[in-house]
Amino acid sequence: MQNLLHNLNPEQLAAVTLPAQSALILAGAGSGKTRVLTTRIAWLIQTGQVSPGGILAVTFTNKAAKEMMSRLSAMLPINTRGMWIGTFHGLCNRLLRAHHRDAGLPQTFQILDSGDQLSFIKRLLKANNIDDEKFPPKTLMYFINSAKDQGLRAAQVDAYDDFNRKMVGLYDLYDAQCQREGVVDFAELLLRTYELLSRNQPLREHYQERFRHVLVDEFQDTNDLQYKWLKLMAGAGNRRAGAVFAVGDDDQSIYAFRGANVGNMSAFEREFEVKNLIKLEQNYRSHGHILDSANILIANNSKRLGKNLRTDAGHGELVRVMEASSDIQEANWIIEEAKSLIREGSLRSEIAILYRSNAQSRVIEHALFTANIPYRVYGGQRFFERAEIKHAIAYLQLMDNPHNDSAFLRVVNFPTRGIGARSIEQLQDAARAQGSSLYAAVRHVGGKAGTSLANFVKLIEGARFETQNLPLPEMVKIVLDLSTLITHYQTEKEGADRIENLEQLVNAATLFVSEEGFGKEAPAFSGPASSAAVLLENGDGTAIIDADAALPTLMSPLSAFLSHASLEAGDNQAQAGQDAMQLMTVHSAKGLEFDAVFITGLEEGLFPHENSAQEESGVEEERRLMYVAITRARKRLYLSFSQTRMLHGQTRYNMRSRFFDELPEESLKWLSPKIQPSWFGNSKKSAWDDAPIEESNRIAQQMTRQSPSMTWRIGQGVAHPKFGEGVIVNIEGSGTNARAHINFGQFGMKLLDLSVAKLEKI
DNA sequence: CACGACCACATTTTT
DNA sequence: TGTGGTCGTG
């Protein structure tokens, strides 16, 4: 134990050894948050305060859950079993499998990922003759998900106008259809579990009694439903209440757009009567100037719990700032700087290039490609999202749950087997008439269509029969064969990669089986009755299995694997392993760290993004995003922006981001002359004027529209007494009629008479 | 049913 | 600009 606690700083130690009461840990970036979380668990167990089975630790990502798990098994020589560590969704899946009957779900319910959900909705709209212009599938999906994220069923949603009433109606239809097909979406996993536990008293009390310590990672990212879920799990307020140990950082809350509610942090403090609030402010990651920048920037936000990071690492290098004349020049500058870092011995994988939106990566990728520097882009397509994998999975889904119409439609004619649109239509009519799934309706379709459909059903049945006693990887192999997916891709020109991926699917199944303890031989699964894990009884004497029974007891290997495919989309394995520079959005950089970080495109409209600029809360979230970006850097930080940028096929003229004005002057080193607004006096010329003559001329030629005075040109920076700094974006008319569209950033776009407006060049 | 033409669309994302 | 989706034709 001495070992366990040694090397913790006083705040960390205090957090780890808190008494068994609810606590809120405000953990700044790079303050050793995961360490505190895992050490807390290990300490609780080692001091005998709780058995592993009394631990529930919740994360948002599989990666975080795995990280916690592996650190824990390094700390605790034996006991990681029995602890519940996982994502909200993973844990809910487990609970719903164990209690599927009480939750009103088939044992083999399947999980829709967001792609599946969208096509499901499109199908729903079509089946109900809804105009998808008036009710766009994406809008409906957003509507449904945000309702569920707030814990609301259709009946509970407040429909205040016709449009909303219609959406609510569609939400209801959607849920009914999901129920018929035996599928649940991501939000449903949580909502169902929540409803299950709130309605089922014995079950609720069982878990509340069991989980003495509930630990939550990234608490600032919880949505309303997740918060309610936690309250229920922990038994907040009742005799059985467990202690909730919530770790989060309000300054790193960047997911409001998907329902995260930072307000949960203060709600938690209040509702759980938190007496122990500990701030982890010692930063072990970044050098001084970088940390100062982060601190001073975030101080501009009003709604904060309040926190200031400090470091012992010394000031380190200044933050370098570059103003480029174009996005291309910006990219080239990054590459020059990166090259010199590499020359000085830096690893490429220790250099990250961050941007606000994915569209910005193209130019940078192009420059990297031209310079022959290996790079890796995050956020690409993941393994289980690839089309060929989805197809193979759909066959497996049909074998496990034939009522999954989405899976049916995906592969009924893929590879093609002569089942065209009209056959499908016939089938859909039959299914509607029968009130059944497509699969079940096949026998009601006659004629030629009926025959080919029946053959498809035979294919699925045959696959099921042939594989019923085989281990999962064998099963997958046979399905790939019987479905003729492999043969189909062999005839395709681009098929080689796809075949390779399909073969990887067999490997994935092998790996899954060994990791989840399904064993290589015949599946252990034989239904709940055989389980030794029966712990309690329902009122009517039926058994309830605790959901921590071994996975093979809760579900078949196939069901488990299909859940796994939905819940863990896998890596995007592009260029993995190589020493490559890292390109990603600021969002996906959260939780990572690098020796050197470039934050690019720091322009008004881009970062902060224009869509966020309407409300103050939007700007504050952008600022937190910037805070996250800055705190990714250990030793070197580079900030860049550009006067010109190609976006959506059009050249944009942006002003530099307001964030520059919120950073400490003394920590910055401007590599290009900083332009000062002229009314402050002490005006400096634009870096643009320092560009090589040819470049300036080229740009000038491109931008100049005839204007008799020739005084104003597009791209010219201007200063206005009221609106401050701006950039001329367009000029219309000429002579005394000439008017200019000027982008004043925070003041927006203005149309000003050039002969009247009091403009100064800057 | 495969392919090409055309059009709308374009923060951020994990489960 | 560049992609993804839908539609019409061979």
Side-chain angles (χ1 to χ4, degrees), chain A residues 58-65 86-93 111-119 122 126 132-133 136-138 142 145 148-149 184-191 193 217-218 221-223 225-226 253-260 327 354-363 365-366 378-382 384-385 387 413-423 491-493 563-572 584-591 601 605-614 618 621-622 624-626 628-629 645-652:
Chain A
V58 196
T59 65
F60 279 85
T61 65
N62 294 301
K63 197 177 155 195
T87 63
F88 279 102
H89 296 85
L91 296 169
C92 287
N93 181 44
I111 303 166
L112 301 177
D113 68 26
S114 2
D116 299 334
Q117 191 188 14
L118 187 62
S119 31
K122 284 182 184 167
K126 216 167 263 173
D132 58 2
E133 301 263 284
K138 283 207 176 117
Y142 179 79
N145 288 339
K148 289 191 180 185
D149 284 346
V184 299
D185 58 48
F186 286 133
E188 183 72 23
L189 284 170
L190 279 132
L191 185 49
T193 309
D217 191 18
E218 306 278 15
D221 288 337
T222 52
N223 63 34
L225 178 55
Q226 285 158 338
S253 159
I254 55 173
Y255 285 111
F257 71 93
R258 66 178 200 211
D327 46 357
L354 311 186
Y355 32 81
R356 173 68 240 264
S357 63
N358 288 302
Q360 289 165 251
S361 77
R362 183 165 291 116
V363 179
E365 284 187 65
H366 177 80
Y378 276 63
Q381 207 185 26
R382 274 127 23 126
F384 284 105
E385 285 167 353
N413 198 33
F414 190 93
T416 53
R417 45 179 72 90
I419 300 172
R422 58 207 173 278
S423 307
T491 62
E492 279 219 331
K493 38 193 184 318
S563 308
H564 169 80
S566 298
L567 292 175
E568 288 195 52
D571 292 333
N572 66 325
M584 67 195 86
T585 63
V586 180
H587 281 92
S588 32
K590 193 179 156 205
L606 251 195
F607 199 180
H609 196 274
E610 50 204 354
N611 296 1
S612 312
Q614 312 309 331
E621 176 139 329
E622 295 288 305
R624 291 193 291 269
L625 203 45
M626 182 65 183
V628 167
R645 181 175 302 275
M646 206 54 151
L647 198 66
H648 308 326
Q650 265 174 340
T651 309
R652 307 217 334 183

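All figures in this text were calculated on a predicted structure; none of them were measured in a lab. The chains referred to below are lettered A, B, ... by the order of the sequence lines, with proteins before strands, and numbering in each begins at 1.
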Determine, step by step, whether A:Leu190 and A:His89 satisfy the side chain to side chain contact (heavy atoms under 4.5 Å, CB included) criterion, reporting the C-alpha distance in whole Å, the side-chain angles of both residues, the deciding distance to 0.1 Å, and the verdict. CA-CA 7 Å; A:Leu190 279 132; A:His89 296 85; 3.2 Å; yes
Ionic contact status for A:Arg652 with A:Glu610, cut-off 4.0 Å: yes
Apply salt bridge (charged side-chain N to carboxylate O under 4.0 Å, His left out) to the pair A:Lys126 and A:Asp132, showing each step before the final yes or no. CA-CA 8 Å; A:Lys126 216 167 263 173; A:Asp132 58 2; over 6 Å; no
Sequence neighbours excluded, which residues qualify as side-chain contact (heavy atoms from CB on, under 4.5 Å) partners of A:Thr585? A:Tyr355, A:Asn358, A:His587, A:Ser588
Please say whether more than 12 non-hydrogen atoms of neighbouring residues, nucleotides or ligands are located less than 6.0 Å from OH in A:Tyr142. no
Please write out the pairs of protein N or O atoms and N or O atoms of nucleotides 8-10 of chain C separated by less than 3.5 Å, giving the distance to one decimal.
none

Within the distance-only criterion (no hydrogens, no angle test), does the side chain of A:Asn413 pair as donor or acceptor with the backbone N or O of A:Ile419 below 3.5 angstrom? yes
Excluding sequence neighbours, so at least two apart, what forms side-chain contact (heavy atoms from CB on, under 4.5 Å) with A:Ala569? A:Arg382, A:Glu385
Every protein N/O lying under 3.5 Å from an N/O of nucleotides 3-7 of chain C:
none

Step by step, would you call A:Val58 with A:Asp217 a side chain to side chain contact (heavy atoms under 4.5 Å, CB included)? CA-CA 6 Å; A:Val58 196; A:Asp217 191 18; over 6 Å; no
Salt bridge (charged side-chain N to carboxylate O under 4.0 Å, His left out), that's the test. Do A:Asp221 and A:Lys590 meet it? Break it down for me. CA-CA 12 Å; A:Asp221 288 337; A:Lys590 193 179 156 205; 2.7 Å; yes
Rounding to an integer number of angstrom, what distance separates C:dG4 and B:dT13 when you compare their P atoms? 15 Å
Please check: side-chain N/O of A:Arg624 versus main-chain N/O of A:Ser253, any donor-acceptor pairing under 3.5 Å? yes
Could you write out each protein N or O paired with an N or O of nucleotides 1-4 of chain B at a distance under 3.5 Å?
residue, atom, partner, partner atom, Å
B:dC1, OP1, A:Asn413, ND2, 2.5
B:dC1, OP2, A:Asn413, ND2, 3.1

Please encode protein proximity along nucleotides 10-15 of chain B as a string of B, S and -, counting only heavy-atom distances under 4.0 Å. BBBBBB
Assess whether a salt bridge exists between A:Asp149 and A:Arg258, defined as any Lys/Arg side-chain N lying under 4.0 Å from an Asp/Glu carboxylate O. no
